[in-house]
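Letters A, B, ... are given to chains in the order of the sequence lines, protein chains preceding strands, and every chain is numbered from 1. Everything numeric in this text was worked out from a predicted model, so none of it was measured.
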Amino acid sequence: MKAEGRVFKYGDNVDTDVIIPARYLNSSDPKELAQHCMEDIDKDFVNKVQEGDIIVADKNFGCGSSREHAPIAIKAAGVSCVIAETFARIFYRNSINIGLPILECPEAAAAIKAGDTVEVDFDSGVITDKTTGQSFKGQPFPPFMQEIIKAGGLINSINQKA
Amino acid sequence: MGMTMTQKILAHGAGLDKVEAGQLIKAKLNLVLGNDITSPVAIHEMEKFTKKGVFDKDKIALVPDHFVPNKDIKSAEHCKCVREFAKEHDITNYFEVGEMGIEHALLPERGLTVPGDVIIGADSHTCTYGAVGAFSTGVGSTDMAAGMATGEAWFKVPAALKFNLTGKKAKWISGKDIILHIIGMIGVDGALYKSMEFVGDGIADLSMDDRFTIANMAIEAGGKNGIFPVDDKTIAYLKEHTKREYTVFEADADAVYDAEYTIELDKLKPTVSFPHLPENTRTIDEVGDVPVDQSVIGSCTNGRLEDMRIAASILKGRHVAKGMRCIVIPATQAIYLQCLEEGLLKTFVEAGCVVSTPTCGPCLGGYMGILAEGERCISTTNRNFVGRMGHVKSEVYLASPAVAAASAITGKISSPEEVCA
């Protein structure tokens with residue numbers, strides 16, 4: 001499985017309040033949440049994002065609230081993958097559980113620039129910046145998490161084992 | 001190689017003799033929690049399970065607290081969804097408006113969290129119950145759904161950081177100052193994926209409310225959980241609040257910690273986190289002149305009885321500054337009632353504060369105290385991210401109830417010492 005898209009680049013500690021502000025949490029509809037994705041950090045994001053685009057950020061992406069609405073909004077906005085130096089742990093769990101591909105890769109997070117076109121190979125964990133020609137090796141998922149992702153999320157993986 | 005307190009609880013929950021950091025385990029859950037924002041998403045996910053029903057109707061807690069009493073039609077629909085699910089599955093611990101409270105103040109008060117428990121909650125501040133010696137951690141709605149259906153969750157066993165608290169608290173120092181000091185020291189990702197284990201002779205000087213506040217904000221350092229050993233104060237608290245039996249776990253003498261820190265409680269000063277991260281801490285003498293428009297005293301971090309008492313002791317016989325709003329939110333109905341009986345509500349109202357029914361409300365910018373562009377709030381809540389309490393160009397400063405009460409009186413961020421002198 002591969003993803004390819006243009007990059008939206010953010011810094012350290014992007015919290016779930018800016019990914020999806022609480023004033024919109026009276027809805028749990030993915031399409032409605034997607035309309036406000038990244039609103040408090042990047043007002044233009046929803047107007048510019050296209051299906052398959054990739055978010056690249058520095059450390060502790062997704063910190064703060066446990067709201068699953070954050071990865072849901074990102075996924076529903078069309079983002080195919082999030083690459084970061086590190087992720088906050090609840091966001092990391094939530095992304096795996098809902099089937100939003102994420103990769104930890106400090107080298108890629110440091111080198112990739114906004115607007116670059118990036119390809120991610122999920123099987124090998126290789127991240128290629130097609131704009132600069134550089135490639136990076138992302139942290140592969142442990143087999144346990146790969147099972148969840150392959151099943152299409154936590155609930156499907158539990159259903160399959162039952 | 002020994003195990004930390006967290007690792008011992010997880011090993012027990014997983015039915016294993018031994019676990020080590022990094023190991024993936026599946027543990028049995030003693031409690032699964034959700035609120036009015038996260039539960040509707042979980043309830044929707046529950047429909048996808050081939051196996052229907054909940055694992056144990058007594059081990060699920062559903063607490064509408066974020067946007068209740070319903071702030072608008074959409075919130076009302078979410079609460080209705082939770083209420084109907086609770087009714088359909090005969091959930092014992094569903095708490096309606098009138099009997100509820102902010103989840104992390106309510107559940108320990110109701111005796112639902114005890115030492116040795118493995119608890120997940122679809123709210124990041126679920127880590128609060130480490131104060132009573134439980135392993136508890138925040139998860140998302142899908143994990144909550146899986147927990148409600150199966151009674152189990154997967155965990156990566158965390159490595160640990162050890163915080164050795166020594167001595168006795170200096171004047172005006174509370175659990176909030178201690179945890180803000182720690183977050184300032186290690187940063188908002190300083191404990192990423194790790195457990196924060198609080199130990200040392202200084203713990204004896206901390207009330208249970210201090211401990212709840214400290215464990216509550218472990219997530220603000222990126223921690224998976226925060227945990228305290230069980231001592232006489234814990235046992236006295238449990239005696240008052242629960243009939244549940246429990247098992248006390250202690251860290252092995254040769255447990256391994258990634259790092260150890262010492263915090264001398266007698267050397268601490270009241271601490272304030274500046275926008276827009278909890279790690280941007282300054283001691284009160286370094287704050288400078290920061291005028292504020294609003295003071296919020298409440299939340300799962302600081303809406304407990306001791307918080308109300310200290311705020312009232314500072315506000316008594318004094319008045320909120322002209323043009324300043326002070327919003328006081330006792331965290332549960334029981335705390336509210338106790339405030340009423342002790343005359344604290346009268347003190348608040350006479351001082352010019354408004355007193356709200358229990359709600360998370362302003363903490364997450366929900367309602368009941370939203371900030372306009374350019375406004376500043378001193379708040380006893382837990383996050384000061386961009387736009388957290390309202391407009392993207394508003395600011396939140398985190399502090400203890402004593403500092404928030406003193407600041408309400410002066411209209412600028414102030415030391416309680418300055419007001420009470």
Side chain, backbone, both or neither of L364(B) within contact of chain A (heavy atoms, under 4.5 Å): both
With a 4.5 angstrom heavy-atom cut-off, is it the side chain or the backbone of L24(B) that approaches chain A, or both, or neither? side chain
For the interface with chain B, which of R23(A), K59(A), R67(A) has the highest count of heavy-atom pairs at distances below 4.5 Å? K59(A)
Keeping the roles fixed (side chain from K51(B), backbone from A149(B)), state whether a donor-acceptor pair exists under 3.5 Å. yes
For Q160(A), which atoms come within 4.5 Å of any heavy atom of chain B: side chain, backbone, both, or neither? neither
D72(B) versus chain A, heavy atoms under 4.5 Å apart: side chain, backbone, both or neither? side chain
Strictly distance-based, threshold 3.5 Å: is any side-chain N or O of N280(B) a donor or acceptor partner for the main-chain N or O of P275(B)? yes
Chain A contact via T126(B) - which portion, at a heavy-atom distance below 4.5 Å: neither
Given a strict heavy-atom distance threshold of 4.5 Å, which part of I73(B) is in contact with chain A: side chain, backbone, both, or neither? neither
Tell me, yes or no, whether the heavy-atom count around K52(B) atom NZ, taken from other residues, nucleotides or ligands under 6.0 Å, exceeds 12. yes
Largest heavy-atom contact set with chain A, pairs under 4.5 Å, which of S75(B), P40(B), S141(B): S141(B)
Which atoms of I41(A) approach chain B - backbone, side chain, both or neither, heavy atom under 4.5 Å: neither
Return yes if a side-chain donor-acceptor contact under 3.5 Å exists between T128(B) and N216(B), otherwise no. yes
Flag, side chain of N35(B) to backbone of I37(B), donor-acceptor distance under 3.5 Å: yes
Choice from D17(A), N97(A), I155(A) maximising heavy atom contacts with chain B below 4.5 Å: I155(A)
Ring centers of Y129(B), H104(B) separated by less than 6.0 Å: yes
As an exercise: rank V188(B), T50(B), V386(B) by heavy-atom pairs under 4.5 Å with chain A and give me the winner. T50(B)
Can the ring centres of F155(B) and F135(B) be said to be less than 6.0 Å apart? yes
Most contact-rich option vs chain B, by heavy-atom pairs under 4.5 angstrom, among D40(A), L25(A), D15(A), is D15(A)
Is F87(A) in contact with chain B via its backbone, its side chain, both, or neither, using a 4.5 Å heavy-atom distance? both
Please determine whether a side-chain nitrogen of the Lys or Arg among D258(B) and K194(B) lies less than 4.0 Å from a carboxylate oxygen of the Asp or Glu. yes
Residue from T150(B), D36(B), T137(B) scoring the most non-hydrogen pairs under 4.5 Å with chain A is T137(B)
Answer yes if the side chains of E68(A) and T142(B) hold a donor-acceptor pair under 3.5 Å, and no otherwise. yes
Residue, of V139(B), D123(B), D143(B), V41(B), that accumulates the most heavy atom pairs under 4.5 Å with chain A: D143(B)
Which bit of Y193(B) comes within less than 4.5 Å of chain A, counting heavy atoms only: side chain, backbone, both or neither? both
Would you find a donor on one side and an acceptor on the other, under 3.5 Å apart, between the side chain of T38(B) and the backbone of G34(B)? no
